[in-house]
Amino acid sequence: MRASIVSDSLHQLIGFVDKSTVKFVNHLVDKSSDIDEFKTKVSNALGTDDQQKVDQFAHELWSQLRAQTTATKRRSKTKVRESRQTIDVNKSDVFVEPKSVSKPTDTSRKGDESEESMDSDEEERTRDLKERDEFSERLRLKDKNKTRNIATNSDKKSYEEAAKRLKLEAEDRQKIMPKLRVESRRQYLEKRKEDKLALLEADIADEEYLFNEENLTESEKAKLEYQKKVLHLAREHDRARDLENVQRYHMPSEGKNNDEYIEVDDTERAPNAEQKKWEEERLGIARLRFGAKDANKKSRKEYELVMDAEIEFVQSLTIGGDNFDEEDHEKEEKKTKKQTIDETRRLLPIYPFKEELIEAIREHQVLIIEGETGSGKTTQIPQYLHEAGFCADNKKVGCTQPRRVAAMSVAARVAEEMGIKLGNEVGYSIRFEDCTSERTLLKYMTDGMLLREFLSEPDLSSYSVIIVDEAHERTLHTDVLFGLVKDIARFRPDLKLLISSATLDAQKFSEFFDDAPVFRIPGRRFPVDIYYTKAPEADYVEACCVTILQIHVTQPLGDILVFLPGQEEIEQTQEILQERQRKLGTRIRELLIRPIYSNLPTDMQAQVFEPTPPNSRKVVLATNIAETSLTIDNILFVIDPGYCKQNSFNPRTGMESLIVVPISKASANQRAGRSGRVAAGKCFRLFTAWAYQHELEDNTIPEIQRVHLGNVVLTLKSLGINDILHFDFLDPPPHETLVLALEQLYALGALNHLGELTRLGRRMAEFPVDPMMSKTLIASEKYSCSEEVVTISAMLNVNASVFYRPKDKAIHADTARKNFFQLGGDHLMLVNVYNQWAESGYSRQWCLENFIQYRSMCRARDVRDQLEGLMERVEIELKSCDSDHIAIRKAITSGYFYHTARLSRTAGSYKTVKGQQTVLIHPNSSLFEEKPRWVLYHELVLTTKEYMRQTIEIDSQWLLEVAPHYYKDKELEDSTHKKMPKQLGKSNNDLNRVYPKL
DNA sequence: GAGCACTGC
């Protein structure tokens, strides 16, 4: 990092930088005893064209590089208080002195004594920093030694292959030569079969999207059907064989152990299986398709019906279709017939710009690419770069996506276009799944994944180009990446940066990246007519229902997509619609109602994608999930009430809340665009044109300004970015949020009093969880309960979606939930749930019986597996504490001592220890009725009231034990002790009672 | 006695 400070300043001064100059200047700083000496040395060395500039340069560099050393020197001579000002947290009154520092501040002591303790403090710091760096070095070696990327869960085959190869080499080659020949023949046949099958599959796929099925002759159709059948049978055969242990139609013989028999279902229990299944389904949906195939078939017949209420709409404008109307499209479709993938690629809107684009990339280090979806930029640009030689010297082209499914599907598409197997030259990397190899040159990944890669490769030296795709979505990770890539681009002039974004933001990105040029690529979209209401609508659920029926009876066939804020509104709308439909009976055509939101079980989600039967209409009631995450085909009408639910975090209270807010203009346009994907569409906005113009914000507030940043700040710190408050954010988060994050990290011991990362902090940064949780994970080593804490962490990660509570069986679900309750609190209940599920053999049936969401549990299991791996990485042994609940709760307290509350005198309510806010135990908590005197909470949420979600009971003395630097005795005194009503706070007395085994 | 928008590591 020091090098980068030097190179930055140097670059400004002399316009170029190289390693040796940086080293040299660094050396000068170290050798100079004061600023003047340094100034002289610099001007001697660099020449004195502009003395003023040199002076300024020297001053800046000196103050940045020597601040810490000077601070250290000063500290040993003066009072402690002064040094504390170097912490880059300005609300330092929250802190009490760190333990080792606070004791010797006794004023009666002599100066030399305190100096001595200062020295030991300083020694401690140096030792810690040394250990931290050694730890980092060990991690680096581990990464290096690991045969890169071959051994991953997903790529089991290649891993096995590699292992086998090594084994073979160890054995005597001569001996096994004949065997090897047979094996090689077998493998050849296997591979040939694979190739043939892949070819067949590609044929069918081509056939299907290049030709309109109607235009095929009977014999052609028959051939296609035949091909499909062959492929299906071949795949089925393979699948049956792959399930080696499965014995179909097998009767267990007498006396024989039945354990051999394995249900086919068991294959689903493999790690990631559920997630994969879901993602595969999504992948199917995400495939490239050519639209308007059946536009002509659509009946134009209109129904007439008198409605009870009608909303008056006015058409205001039409969003242009990028010079691309249906006629053109039909012409183009004719052209695409019988053409190969290669020729299809040439028809993409981006193709004519290929040479120009490559030229621009060569010329400029940073380029903003402005292009609508459908221009082919995501799939084509990396290929163009590859062809243009940007992958020379085995350098990679990295392309980030905000979503896992997108990264996978795009990579698969590109591999197909290049005619290679996914995972070789083209690969993708997402959490839980790394489908890359040493040969990978084009790497698609989620933005968060690139962020983690920074930890092991801070200069991204293995990449020659980084493409940040969908930048306009402004996800938390993309926003952090902006600052980081901008930073490394300065000292890596060979690194190219491409930021791709939709129209609205391009200028802003350009300004951020020092006025980088903007390259425009047209998209491919159909026009969309926008309608507004004449007057504002009070009740948007009611307005939606009316509009749906209005469209249904007056407009030609075509599916409707409705955007609603949440599950509740979706269910409400569904009920009203069903009721009205029943009343209207056969007077209207069939209307299929399909809800979709992320917490909906997978099989019900799938119904959304089923094709609409002829002469009926589908209406999809969706949350924001349909805005970007998934695309539903054949939507012609969009209804947009103009609201969504948004999470916001209040750094002053530490409270999160989820509230319904008006959407932004960008979001409204994105929603409207969902109707123009297959043909010209219509969007009905349930607000007035005036409201659109004057009441909606241009853009949604970026995520980075709305969330708690603990983990982000820790990651940045571990990347060596010390001055977080002045980090170059595109849109800086609120000052308070950053300060709160820094305070917490300091209190947790991740940062020392100079704001430097400690050894503990370095280890904490390895975990993809909140810093309080990573501290808990590390503290679990001390209390020998790492197994349980890892489980808790994984379960809290999937949080609210563990328990399933259908409306009609609410009472049963509640009883089932209460059966999992554990004395001591909710975290222990989560361990209980997980362990019971594990004992059931990770059974789906068990989940059904206990009103637990199977999908969430599978996810918890994946997270748990990853955390286990990371525990090993940071050198913590996995141990179980069996029934020792105290140990678990103490471990949690070491991470979450910040989150404690004490029962207050007003019955039932609590006051947070720091901050004195009034909060309540969430009614779903196992401690809701018990009301212990002291509780620790996982999070604060503001819903109808201020609630603590996920609480455990603690002993106030533990706080002194685990966080003596943070709590003073006085704060924990139980002044309320005697005044407490009898029933309340009773459990504190028998804290040491025997707990049943988990 | 409440209520879970959506992602991502």
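Within every chain, numbering begins at 1; the chains are lettered A, B, ... in the order of the sequence lines, protein sequences first and strands thereafter.
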Original post:
Considering only side-chain heavy atoms of N797(A), which listed nucleotide, dA5(B), dA2(B), dC9(B), is closest?
Top reply: dC9(B)
**OP:** Return no unless some side-chain N or O of T623(A) is found under 4.0 Å from OP1 or OP2 of dC6(B).
**Re:** yes
**OP:** Tell me which nucleotide among dC4(B), dG1(B), dC9(B) gets nearest to the side chain of I430(A).
**Re:** dC9(B)
Original post:
If you look at every strand shown and take non-hydrogen atoms under 4.0 Å, does R431(A) touch a base, only sugar-phosphate, or nothing?
Top reply: base
Subject >> Atom-pair distance (CG on N599(A); C1' on dC4(B)), nearest Å >> reply: 6 Å
Original post:
Which heavy-atom pair separates Q917(A) from T653(A) by the least distance, and what is that distance?
Top reply: NE2-O, 3.0 Å
**OP:** Can you figure out which of dT7(B), dG1(B), dA5(B) approaches the side chain of P923(A) most closely?
**Re:** dG1(B)
Original post:
Which part of the nucleic acid, if any, lies within reach of D447(A) when heavy atoms closer than 4.0 Å are counted: base, sugar-phosphate only, or nothing?
Top reply: nothing
Subject >> Nearest-angstrom distance from the residue atom CD of Q670(A) to C1' of dA5(B) >> reply: 15 Å
**OP:** Not counting sequence neighbours, which residues clear salt bridge (Lys or Arg N to Asp or Glu O under 4.0 Å) with E627(A)? List them please.
**Re:** R671(A)
Original post:
When you check the phosphate oxygens OP1 and OP2 of dC4(B), does a side-chain N or O of R805(A) lie under 4.0 Å from one of them?
Top reply: no
**OP:** Whole angstrom is fine here: how far is it from CZ in F803(A) over to C1' in dC4(B)?
**Re:** 14 Å
Subject >> dA2(B) phosphate, OP1 or OP2, under 4.0 Å from K945(A) side-chain N/O >> reply: yes
Original post:
Which nucleotide sits closest to the side chain of T446(A): dA2(B), dC6(B), dG8(B)?
Top reply: dG8(B)
Original post:
Out of dG8(B), dG1(B), dA5(B), which nucleotide sits closest to the side chain of K645(A)?
Top reply: dA5(B)
Original post:
K818(A) NZ to dA2(B) P: how many Å, rounded?
Top reply: 13 Å
Subject >> Heavy-atom closest contact (G427(A) atom, T440(A) atom, distance) >> reply: N-CG2, 3.7 Å
**OP:** Would you indicate which nucleotide in dG8(B), dC6(B), dG1(B) comes nearest to any side-chain atom of I625(A)?
**Re:** dC6(B)
**OP:** Tell me, please, which residues at least two apart from F135(A) pass ring-ring contact (aromatic ring centres under 6.0 Å, His included).
**Re:** none
**OP:** Describe, in one word, how the ring planes of W837(A) and Y854(A) are oriented to each other, choosing from parallel (under 30°), tilted (30 to 60°) and perpendicular (over 60°).
**Re:** perpendicular
**OP:** Ignoring the backbone of R817(A), work out which of dC6(B), dG1(B), dC9(B) is nearest its side chain.
**Re:** dG1(B)
**OP:** Just compare dA5(B), dG8(B), dC9(B) and give me whichever is closest to any side-chain atom of R403(A).
**Re:** dG8(B)
Original post:
Expressed in angstrom and rounded to an integer, what is the separation of Y597(A) atom OH from dC6(B) atom P?
Top reply: 10 Å
Original post:
Given atom CG of L719(A) and atom C1' of dC9(B), what is their separation to the nearest angstrom?
Top reply: 14 Å
Subject >> Presence of salt bridge, E453(A) and K443(A), under 4.0 angstrom >> reply: yes
**OP:** From the options dG1(B), dC9(B), dC4(B), select the nucleotide whose nearest atom is closest to the side chain of Y947(A).
**Re:** dG1(B)
Original post:
Between L942(A) and R452(A), which has a closest nucleotide on DNA chain B that is more 5'?
Top reply: L942(A)
Original post:
OP1, OP2 of dC4(B) versus side-chain N and O of R949(A): anything below 4.0 Å?
Top reply: yes
Original post:
For S598(A), which contact category applies under a 4.0 Å heavy-atom criterion: base, sugar-phosphate, or nothing?
Top reply: sugar-phosphate
Original post:
Once you round it to whole Å, what is the distance between P of dG8(B) and CZ of R859(A)?
Top reply: 8 Å
Original post:
When you match F767(A) and Q567(A) each to their closest nucleotide on DNA chain B, which lands nearer the 5' end?
Top reply: Q567(A)
**OP:** Would you mind reading off the distance between E473(A) atom CD and dT7(B) atom C1', rounded to a whole angstrom?
**Re:** 9 Å
